[in-house]
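Working notes, beginning with the structure itself.
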Amino acid sequence: MSSPTLRAVAVYCGSSPGRDPAYRDAAERLGTLVARRGIRLVYGGGHVGLMGVVADAALAAGGDVLGVITEALAEREVQHRGLPALEVVPTMHGRKARMVAAADAVVVLPGGMGTLDELFEAATWTQLGIHQVPCGVLDVAGYYAPLRAWLDRAVAERFVPAHHRDVVQFADDPEALLDALAAWTPSGGDKWLDRTPPPPR
Ligand code: AMP
């Protein structure tokens, strides 16, 4: 199935490969799939960890890839030397902003704190209406099951509006995830659940 509304996706993922080889396999599958669907891959520009795997897979499948990396990380994360397009930006904030501006959706593979920072910045900015970028989490081998459970809890506990729950989609299959992101429409709802201040204690 093609994805007419997805022209580019920003992929956030670990700068490490992780312990389970399933993470690497998923990154490879996603990179290949994105390229086959004619979607541009926007990613962090490194050649290490899952970042390198997803970029190499997209390139091997003939895909278009844009890397966005900071000057400082260009050394530490061993920047990818074979990209058709690489932008070097001064700051981490600028990197995230540029990546998300160049994409119609975010896809998150397994990763660490940097990956989650990137996911939640993109998701909260969609909540706030700063941009309209759906986020899709690829749950490989149950890695993100606790995150999914927490998000459902946050809705139940009224910290996340229910109409914003689908800003972060979860799937264990990359095809299904891309389809869900392509079909996503903004809820248009208000971020604020309860405007009334809490009663004094
Ligand atoms: P990690 O998931 O920690 O391996 O990091 C994945 C990516 O996120 C790497 O490209 C890191 O450079 C990046 N990253 C790490 N910390 C931050 C941060 N505070 N803000 C933005 N990106 C970050």
Side-chain angles (χ1 to χ4, degrees), residues 8-31 34 40-59 63-103 105-128 130-131 133-151 167-172 174 177 181:
V9 294
V11 173
Y12 295 139
C13 60
S15 51
S16 307
R19 185 184 58 81
D20 191 334
Y23 305 143
R24 175 179 287 272
D25 292 348
E28 209 168 276
R29 230 182 119 202
L30 180 74
V34 163
R40 185 182 212 198
L41 171 71
V42 180
Y43 88 112
H47 207 178
V48 293
L50 297 186
M51 300 172 77
V53 175
V54 75
D56 283 343
L59 291 171
D64 184 22
V65 179
L66 166 65
V68 183
I69 197 162
T70 61
E71 289 152 12
L73 284 180
E75 297 302 317
R76 288 198 0 235
E77 285 190 350
V78 193
Q79 79 185 67
H80 200 301
R81 307 263 168 204
L83 300 177
L86 179 74
E87 294 181 14
V88 183
V89 297
T91 66
M92 293 297 258
H93 287 125
R95 184 195 202 193
K96 284 186 285 189
R98 177 64 190 124
M99 285 176 71
V100 93
V106 160
V107 173
V108 174
L109 285 166
M113 289 195 261
T115 301
L116 289 189
D117 169 80
E118 290 161 334
L119 164 64
F120 282 113
E121 178 167 301
T124 50
W125 286 25
T126 294
Q127 264 198 315
L128 290 165
I130 296 169
H131 60 206
V133 177
C135 301
V137 175
L138 192 65
D139 185 18
V140 183
Y143 179 71
Y144 281 122
L147 184 71
R148 186 178 198 163
W150 167 79
L151 200 48
V167 168
V168 183
Q169 308 265 333
F170 289 82
D172 57 14
L177 193 63
L181 292 171

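No experiment lies behind these values; they were computed from the predicted model shown. We count ligands from 1, going down the list as the structure has it; atoms in each ligand are counted the same way.
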What do you reckon, is CZ of Arg24 surrounded by more than 12 foreign heavy atoms closer than 6.0 Å?
no

With side chains defined as the heavy atoms from C-beta onward, is the minimum distance between Asp172 and Tyr144 less than 4.5 Å?
no

Ligand 1 and Glu118, any nitrogen or oxygen pair closer than 3.5 angstrom?
yes

Ligand 1 versus His93, non-hydrogen atoms closer than 4.0 Å: side chain, backbone, both, neither?
neither

Check contact between Gly46 and ligand 1, using heavy atoms of the residue and a distance below 4.0 angstrom.
no

Within reach of ligand 1, part of Met92 (heavy-atom separation under 4.0 Å)
side chain

Give the residue and atom name of whichever protein heavy atom lies nearest to atom 18 (C) of ligand 1, and the separation in Å to one decimal.
Asp117 OD2, 3.5 Å

What protein heavy atom is closest to atom 16 (N) of ligand 1, reported as residue, atom name and distance in Å?
Gly114 CA, 3.6 Å

Which one holds for Leu116 and ligand 1: side chain close, backbone close, both close, or neither close, with close meaning a heavy atom under 4.0 Å?
neither

Keeping the roles fixed (side chain from Arg95, backbone from Val68), state whether a donor-acceptor pair exists under 3.5 Å.
yes

Nearest non-hydrogen contact with atom 4 (O) of ligand 1 belongs to which option: Pro17, Ser15, Ala72, Cys13?
Ser15

For ligand 1, find out whether one of its N or O atoms is nearer than 3.5 Å to an N or O atom of Gly112.
yes

Note: Thr115, heavy atoms under 4.0 Å from ligand 1, region reported as both

Is there side-chain contact between His131 and Thr126, with heavy atoms separated by less than 4.5 Å?
yes

Any Met51 heavy atom less than 4.0 Å to ligand 1
yes

Nearest protein heavy-atom contact for atom 9 (C) of ligand 1: which residue, which atom, what distance?
Glu77 OE2, 3.1 Å

